[in-house]
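Comments concern the structure below.
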Amino acid sequence: MIVRLSSSIFQFPLALAAAPLAPVGLNHYVLLSALLFALGFFGVLLRRNTLVVYMCLELMLNASTLAAVAFSRFNGTMDGNVFVFFIITVAAAEVAVGLAIIVALFRLRRTVQLEELTALKH
Amino acid sequence: MLPPMSVIQVQRKPLTFAERTYLPQVFGGLMITLRHFFGRRVTLEYPEQRPEISPGYRGVPTLVKDPNGREKCVSCQLCEFVCPPKAIRIVPGEIPADAPNAHVEKAPQEFEINMLRCIYCGLCEEVCPEQAIFLQNVYSLCGYSRAELVNNKEKLYELGGTMPDQHFKWDKKKAAADHAPVHQ
Amino acid sequence: MNLFLQIPPVVLGLLKGLAVICVIFPIAGACSMAERKVSAWLQGRFGPNRVIVPWFEWIPFLGRGLQRLGVFNLLADGGKLLFKEDPLPGHVNKFYFMIAPAIAIIPAFTTVVVVPFGAYIDQAGQVVPLMLANVDVGLLAVFAIASLGIYSMILAGWASNSKYPFLGSVRASAQLVSYELSLTLSVLPVFLWVNAPGTGASLSLVRVVAFQSLPGFWGGTWFIFLMPVSAFVFLIALFAETNRLPFDMIESEADLVGGFHTEYGSFKWSLFFVAEYAHMTVGSGVFVLLFFGGWNPLPWLPIGTFFGWLGLVQSAGQFSYAIAITQGVLSIAIFLAKVLFMIFFFMWVRWTVPRFRYDQVMRIGWRRLLPLALANVVVYAIVIALLQGD
Amino acid sequence: MAEFPFYLFAFLTVVAAAGVVVNRNAVNAAICLLVSFVGMAALFVLLEAYFLAVLQVLVYAGAVAVLFLFIIMLFDVKGGDPRKPYKKIAAGSGLVALALLTTGLLSLAKHGQLVSADPATVPAAGANLKTFGYQLFTTYLLPVEVTGFLLLIAMLGVVVLSKKHLEETEARSQHSGGKV
């Protein structure tokens, strides 16, 4: 899977980040966070397996926490950290409920493929 | 008509709270194992210590000799016929003419018990009219090849040794043969 | 000694880590032997007592003694497992099958980093804990890293591509996640007690031990006397988390052949066991630190007083490394003795109590232990608020 | 010294995240997700948010990823997506993501660096466990309560969702021709 990364989408920001080995500041963390968020977003649009889509959602959530922690660290405030605490808690609840829904769906339909779950379409 | 059986309905006592937590039982069990921890070891340390073999033990079947050191087997082949797994093979033979007990009986030329087949049932011992084959107390038998586990005559006598009985069958037969008129 | 202090901190950290691994790994390995000896003794048997390295026979008393203890069996076992043919079944997912044992080992040894294992008294008269990293989040880090160990079982079971390992790994994941709740909740009262208002806050295990080494009746009390329910819940959850016998659902050989390691053999298989024993060692260590007073020799007998009795006290002006090292070694010895007793206790229970059924395991976890842990937290929160509140 | 670990873990996290997106096999994707979570925890450590790092490992890596793996294994979707793994709008979504990225990068480039103080001068607020607890139970007391309530609701919801209803069982037995 690492080999497939040679597509330009992934190379560009990495090259940008790695080039100078500059002192790491807020910029780097925010950029990384944006990159992860974009990856997650990309995955949500791209994949057809409900579970993988859900994983990509988690990835997006996680990316946002990184930004919050970074802002909190570089501004010397507590709020971002506390916020991440809540995000993690909510994410745990959300994963539990979401996976329960997926399991229920799978029991009913015997599939987790998105385009087969089109009952509302017809 | 059978009289109606008197049935006693046994009421199982409901478990108490302590019992439902399992804890008293678990602690009791722990105490029992701890007693064994400090108690006497019951394991026999095998190669040095050997188990006591009881008299009726059915170990490896062996051939025995009489008190004078003669073979008792007369190769009647009853054991060969009775052996359920057909582990015994006997080739009957003459006793050499120059032997002191020649012309009285036969003796096995070959006597093989295949220990890979033997099931230690003891029927050979039961059936032997001469009391020549015994299941004795040899219980550990091992070898590196299949051929090694087929006991031949020498091996069987070596395992069996002599059986100090008081029949002196050969002596009597010899005496009878000496006193009787010669037939041929 | 000065040379020792001049080593750069990174190298020093690596050396310390290596030293700790060098202790934990043999303990974990020796546990597999001890398990067999203890099981034998508990059942009135001798256990393995035959293997001997040739020249050791000539040592008059010790050689035979070690042979009877089965010490050399350990070496023979290790050699056997190392040089045996390493089977790789054709139907497995090779990558995950290979890395699963490694994943088992890594978290098991990483947890040691935040566990203190001894202490000495420095120039200022302060008790300095011996540990690799004294972090604020101490115990949480242990829980977090230990919870990663579950992946080895899940991956091993899944990669084996065979139904018994798979069932074992599914059971493992459900069981470990269930008991983690009780495990974490059960230690909360301890930290509520330790982090009294106005004293700073830390989840470090050092702080817990420091609290159990205070002078006076309440200070010197070990937490097992103060919070027996917490200790009980923690112990049960520890049994479940380390997959020890009343809860070893994932390998229950009666119904699952060998559970998640059914398809494994030789060295990879033995790695799972080293990991299990390492988990057990660290778990016992944490239990000792939390509830059995860490490196304090007896309840109400802090190690400082103990050193005083032995004359191992540093006078105010001069600081002797020899005394400090003796103190450190002594405290480590006390701590290790307690840990070994805990490991013995694990084995003792294993060879006494039969395995639960899986539904019983789940029922105990969710319907007995979790409510008990929650009630325990609530009660202690109220009690501590009443005692320590202003 | 802080640069090398940052680039290492950033690279690890991004590669793992990309692995989640492109992997056909759902189990591989879940493992990549796990690696990404752990990498993120390492980044939290670099940001001196130790408590959050541990929480990240404990909750995300220790529970969330396990749940994902558990469900994937239960569904036995080991072949991944049976047909084409990616949707037709993959190209479109790729463009969107790329546009998002480019916009962000451009805005960063245009407005220069985000104003960030030297980390050495700013206190690492997240490192102090006491402040954390203090904040949670004073300023953020209401959110804590609400989150607790949310967790309770979520737990109840999961219990209700996981219960096998009678109608559902019937529907399934019809769906699979009587075989369950």
Exercise for review: Would you give the length of the straight line joining atom CZ of Phe44(D) to atom CG of Leu46(D), rounded to the nearest 0.5 angstrom?
Suggested key: 11.0 Å
Practice item. Measure the spacing between OG of Ser36(D) and CD1 of Ile31(D) and express it to the nearest 0.5 Å. Key: 12.5 Å
Review point. Given a strict heavy-atom distance threshold of 4.5 Å, which part of Val144(D) is in contact with chain A: side chain, backbone, both, or neither?
Key: both
Point to revise | Part of Thr139(D) lying under 4.5 Å from any heavy atom of chain A | key: neither
Identify each donor-acceptor pair in which a side-chain atom of residues 51-71 of chain D lies under 3.5 Å from a protein atom, sequence neighbours left out, and give them as a table.
unit_1: Gln56(D); atom_1: NE2; unit_2: Asn62(A); atom_2: OD1; d: 3.1
unit_1: Gln56(D); atom_1: NE2; unit_2: Phe37(D); atom_2: O; d: 3.4

[options]: which one forms the most heavy-atom pairs within less than 4.5 Å of chain D?
| options | result |
| --- | --- |
| Phe37(A), Phe41(A), Phe86(A) | Phe86(A) |
| Ile88(A), Val95(A), Val90(A), Ile101(A) | Ile88(A) |
| Leu66(A), Val103(A), Thr89(A) | Leu66(A) |

Check your understanding: Under 3.5 Å, is there a donor-acceptor pair between the Asn49(A) and Tyr54(A) side chains?
Key -> no
Check your understanding: Counting heavy-atom pairs under 4.5 Å to chain A, which of Met40(D), Gln135(D), Met155(D) comes out on top?
Key -> Met40(D)
Check your understanding: Is there a side-chain contact between Arg73(A) and Asn81(A), using heavy atoms and a 4.5 Å cut-off?
Key -> no
